[in-house]
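Following: one structure in structure tokens, then a few remarks.
Here is how names work: the chains are called A, B, and so on, in the same order as the sequence lines, proteins then strands, and each is numbered from 1.
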Amino acid sequence: MKDFLSKTADLNRSIISEDFEKTLEIINQRIPLTIFRYPTGSKCFDWVIPKKWIIRDAYIKNDKGERILDWRKNPLHVLIGSLPINKEISREELFKKIYISDKYPDLIPYQFKFYKLDWGFCMAKNQRDKIEGNHFKVFIDSEYVDGDLLVGEHIIKGQSDKCLILMAHIDHPAQVNDGLAGAAVLIKLAEELKGILPSYTLKFHFLSERIGSIAYLYHNYKKIDEIIGGIFCEMPGVHNYPLVLQYSKWKNTRLDRIAEYVLRSSNKEVVFADCFKHVVNDDGFYNSPGIDIPCISLSRSKPLKKNDLYHFPFYHTSGDNLENFDFKQAEEFLSILKRIILILDKDRKIIRKYIGIPCLSRHNLWVDWRIRPEISGNIYTILSKIDNNLSIFDICQNNNIDFEEVYKFIEKLKDSNLIDLESTESIWFSSNNPFSKLSNYIKK
Amino acid sequence: MKDFLSKTADLNRSIISEDFEKTLEIINQRIPLTIFRYPTGSKCFDWVIPKKWIIRDAYIKNDKGERILDWRKNPLHVLIGSLPINKEISREELFKKIYISDKYPDLIPYQFKFYKLDWGFCMAKNQRDKIEGNHFKVFIDSEYVDGDLLVGEHIIKGQSDKCLILMAHIDHPAQVNDGLAGAAVLIKLAEELKGILPSYTLKFHFLSERIGSIAYLYHNYKKIDEIIGGIFCEMPGVHNYPLVLQYSKWKNTRLDRIAEYVLRSSNKEVVFADCFKHVVNDDGFYNSPGIDIPCISLSRSKPLKKNDLYHFPFYHTSGDNLENFDFKQAEEFLSILKRIILILDKDRKIIRKYIGIPCLSRHNLWVDWRIRPEISGNIYTILSKIDNNLSIFDICQNNNIDFEEVYKFIEKLKDSNLIDLESTESIWFSSNNPFSKLSNYIKK
Amino acid sequence: MKDFLSKTADLNRSIISEDFEKTLEIINQRIPLTIFRYPTGSKCFDWVIPKKWIIRDAYIKNDKGERILDWRKNPLHVLIGSLPINKEISREELFKKIYISDKYPDLIPYQFKFYKLDWGFCMAKNQRDKIEGNHFKVFIDSEYVDGDLLVGEHIIKGQSDKCLILMAHIDHPAQVNDGLAGAAVLIKLAEELKGILPSYTLKFHFLSERIGSIAYLYHNYKKIDEIIGGIFCEMPGVHNYPLVLQYSKWKNTRLDRIAEYVLRSSNKEVVFADCFKHVVNDDGFYNSPGIDIPCISLSRSKPLKKNDLYHFPFYHTSGDNLENFDFKQAEEFLSILKRIILILDKDRKIIRKYIGIPCLSRHNLWVDWRIRPEISGNIYTILSKIDNNLSIFDICQNNNIDFEEVYKFIEKLKDSNLIDLESTESIWFSSNNPFSKLSNYIKK
């Protein structure tokens, strides 16, 4: 992750920009990407693709001609999306156009305006307070041109065309945990999964927050039934903070339940949040009415209190940088995410070929309850649940047994020709599934 | 309310009686009534309309010829429904025929007999204990004749013929909170709502407890599907006691939910009771098998304990009078009831005309979450619920947001042509409504 | 019970054996049995009927020729299912073949091997430790021959062919609470019920644990729909221990609910356990996938803790004998079981013949709420539930009213021709039943 983040952390990756495209190229060197292009002005549902923002230089000069703010040092120094300006102004006028962070007086805030356009600068409060003099030159060499919104997609083809979308946004300039680090985790995950043939196709999306997913879903709306779910990933490397699972709006789809199970069995402090109640990124649009794709979100953050918008220290400032990034936390995030994918991948619907309960000792499967009572007790519980619409995971979650233990026992039953195993596709959204509360849900 | 109650409080308003009819005439002077007449002896479901009870005079005289009990002072002095009598009796015989209240020795109890007919008197225990002498004349000039059970109906015609029935019983002689005061509230509510065209037709019923509703429903059974619900009102002006919502038997119809929401958001102490478990008046018959109209009950009372039948002090005595009536409490009762009616009236089913989540900033509807996080958070929650079978109220209740706030936002979406609004009629009893547990309920 | 247990307690009742057949004969002297015979080697679902085990004599002799272990004193002295042996062996070899109980050093453990066959002896640890000498003769005169697995069935014919199966296993040699005492309870129950014509047919099964039920169900699989439920009974006479109800896998069938209600209203300490979680006997197979007959289990035991297999003191030792059997506890167990059967038998579906709520006083059914508030309150609750798919028990359980009280009131309604009563057969597994959560359950 370090290598990728070092190359991309400081880039000026705004929604449609040179650096956004450059970031996709860097990803493409690691895992091959297909790039989708959606032109400025085209409509996607209720939304319209914006223009490309180009910036070449920007500064504030004092009356000695010294650059007291120099955009080349940090892309955050200019309001993201700023209009061009070239003007001499008074101290009073200048201060009105400088955004600062009261909470972090030593850090540059990350500020943006895309709809009510304006020009402006951002700097540390302490730096601003040291500005001397009364006359200044402000210069921003920016422009808006037609361009393409880009979405980068990496695919690991599965046995089924039904796919799971893993997504991270990479469009927050000079921010690390906020977006980019999610991409770093996904790249490494894709590399680690390389060569497997998963049950479901896995699609990795690197995009601009929300509008990227909106454009992608709009142009793939006819094939939307192929998408069985989504996982949005961000802020994996926040120091000291717990993993947060934000559920899909159904809260109990197979994806929600597997993610919940993996987090719970991680023996770490974890937080569970309702859909739309914690952080709303691309998952918000996936879960929205008419789209209706269950999408969970994984991040590291404190549980949000009412009116508290700061998910982690240095959020939306120049402090969200590599120096403050906790790689150990990000690695743990990756391992949790990977376990979710692997359970989802290995899970199978169990087709019973006998009636009742099999004679375990005839198949050398009997476990003496006087010697291993715990295993034996679970075996009865497992056998009682082997009915056609339940999967291995259903049994293990409902009874709080380790997935691997159940999986091994089920494989032995298969070897003894007592059962068959099938894809979970037919029970992905099953109202017959007694573990599901989705009883009223009929997928489109 | 004072005016109406002053004119009617002391009347001898028994089930079928002159004073009952007189009370309807007094109501009719305020709000026009249609009077339904159901003759003595006619059958209504399993019930039969009783005879009219007429009483002209009644007294107990001592051997000096003094009226030691005089019915003309208070209609409660005679057992309501008493047979005529004219006889000289001993002290012992007399005392067997006098009903008293041990709990309130200074008050006359309200006693009645309609089925196993008898004659009798009621007086304060302390008054009875002072009776001297051994020989008495008892005289009751009463008779039973054929008559008509009356139901008074006031209508506020709505856009739909589907109607809500608001009801109060006025048949408890010389009682105020117990029945009559509910009528006082309904009269004022009808006056305050005059001139509006509500979504649903509102029908105000003034009647004799239970038998009035039974007769009305029997004679309107063919049109019973037009009745979407009922609200029974009584005991609004009990001093110091909380509002009690007794649910319909379903407990979660739209009517139950709106009433519950309004009571909860009143920031007053309130009590919630299950159907048939608190006070069973006309609502009992509305909710009964084969009728199956959801009917809630609003009253002021303490939560009933087992075997404790006294809903408020002076219940069923001469102390349930105007002197002990708390008009401020009754006004608050009225305002709560009115809010229930208004939310029910303004609520609309939302028809989404876009897919996903709209681009709020394009429609000038975006609220900056950095400035107004609470509103903004709710907006996402609201947008995520805009699906065809939910109403404005559904969204606000489920997410605990103020109805007016949601209503205003929904109106803006309508102005932006993003949604249409429709009557809630089609989702009044909807098993598709995920907020409802009425899944098995199919209206007739 | 004492008589039956005295005759059978010490018998060597292994799965297929002379003493098993002898035990059935003793039962047959009390209540007539039909004996089903399933021959060795025949397949039943995934299971195969084993051979008959015959044992004639067994001992260990020391070098003085003295029997230091004599099988004739207690059938537990030989590993149940032991292969024959006739051999001189060393002290070291002998000790490897002697099973003891560390927990109860004065008692002989009950040990068995039916699949990985071997020979062996069982004795008290303290007895074993006193063995002197270095050379021994071990002798077991046993053999395996073809035979028949026996199932004894006693029937009390009901109005319906639909039947309830009451079962106890009698195949644990020289054990009392563990199996045999359940049979003692069932015999007495059958005698007490003699002469009644129950609603549902009652079948009493005396069999070998699990394999008996498996064989019976296999050979009656075509008529499996006639079986509406099962009750497995064991360990009724454990001293000091509470009654345990282990639910069927649905947990809320009519049978589960009646049993739960009876136990709760017994005012005794009782324990409720989920299916497959406490003791898994024949009920495990009844509840298993593809069989799907709701079967509860009644026993006396402590609530099992994880890894604690000892349901009661002396479990699986020679201490599970008549001396340690508590007949008072067993009688109480019987009375509870009998009440379950009687409620199940008397319960009826109520067919309402009126609309709304009847006029109780017209039918002399009115109870003055001022005099008997509790009864009266319940009457409204009862009347509100009289709808076509509910039974008397449904009403009484849901509202926590005494079954007999409701039953009497319902009988009065029947006498007044207000309702009809029908068998509960049509609502035994009803998804329309609002008291049931079996909504997805469709019987085969």
Side-chain angles (χ1 to χ4, degrees), chain B residues 43-50 99 101 103 109-117 210-211 213-218 221 224 248-251 274-293 295 304-310 315-316 437-442, chain C residues 349-391 394-395 398-401 410 412-413 416-420 427 430-441:
Chain B
K43 247 200 123 179
C44 308
F45 300 114
D46 188 53
W47 300 67
V48 177
I49 306 296
Y99 294 83
S101 163
K103 187 165 175 166
Y110 161 51
Q111 289 287 352
F112 50 88
K113 282 211 170 174
F114 292 116
Y115 288 92
K116 291 184 177 173
L117 295 181
R210 289 182 204 157
I211 186 71
S213 291
I214 291 168
Y216 177 86
L217 289 168
Y218 181 76
Y221 194 62
I224 206 166
S248 82
K249 78 169 159 189
W250 295 271
K251 204 172 176 171
D274 280 348
C275 194
F276 298 104
K277 294 293 185 191
H278 187 66
V279 277
V280 184
N281 288 285
D282 299 70
D283 45 277
F285 203 82
Y286 273 78
N287 285 305
S288 68
I291 302 295
D292 297 319
I293 298 168
C295 186
L304 277 192
K305 283 174 205 145
K306 223 170 176 174
N307 303 343
D308 178 0
L309 304 161
Y310 298 91
Y315 176 72
H316 274 201
K437 293 175 200 143
L438 280 173
S439 53
N440 292 318
Y441 185 82
I442 289 126
Chain C
K349 189 170 115 174
I350 307 168
I351 310 298
R352 185 170 44 79
K353 296 166 79 174
Y354 57 87
I355 291 174
I357 285 176
C359 180
L360 293 180
S361 37
R362 280 212 316 131
H363 305 285
N364 286 315
L365 294 172
W366 194 59
V367 182
D368 191 330
W369 57 264
R370 290 166 300 185
I371 295 166
R372 300 181 63 202
E374 197 175 330
I375 304 287
S376 168
N378 281 344
I379 283 180
Y380 263 104
T381 301
I382 294 167
L383 290 172
S384 71
K385 297 291 180 194
I386 294 187
D387 229 331
N388 292 337
N389 283 312
L390 297 188
S391 79
D394 289 336
I395 291 173
N398 196 252
N399 296 284
N400 210 17
I401 323 173
I410 293 295
K412 285 184 194 160
L413 293 181
S416 298
N417 201 26
L418 288 164
I419 56 165
D420 278 337
I427 52 171
S430 167
S431 64
N432 274 341
N433 182 346
F435 296 100
S436 165
K437 291 173 200 144
L438 280 173
S439 54
N440 293 315
Y441 185 82

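Looking at C:Leu383, the atoms closer than 4.5 Å to chain B (heavy atoms on both sides) all sit in the backbone: N, CA, C or O.
Residue C:Arg352 holds its CZ atom at 7.5 Å from OG of B:Ser288, rounded to the nearest 0.5 Å. Distance check, rounded to the nearest 0.5 Å: CG of C:Asn364 to NZ of B:Lys116 gives 6.5 Å.
Between B:Phe276 and C:Tyr380, the shortest heavy-atom contact is CD2-O, 4.2 Å.
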Considering only distance and modelled atom types, tabulate donor-acceptor pairs under 3.5 Å from the side chains of residues 354-362 of chain C, sequence neighbours left out.
residue, atom, partner, partner atom, Å
C:Arg362, NE, B:Asp46, O, 2.9
C:Arg362, NH2, B:Asp46, O, 3.0
C:Arg362, NH2, B:Asp46, OD1, 2.9

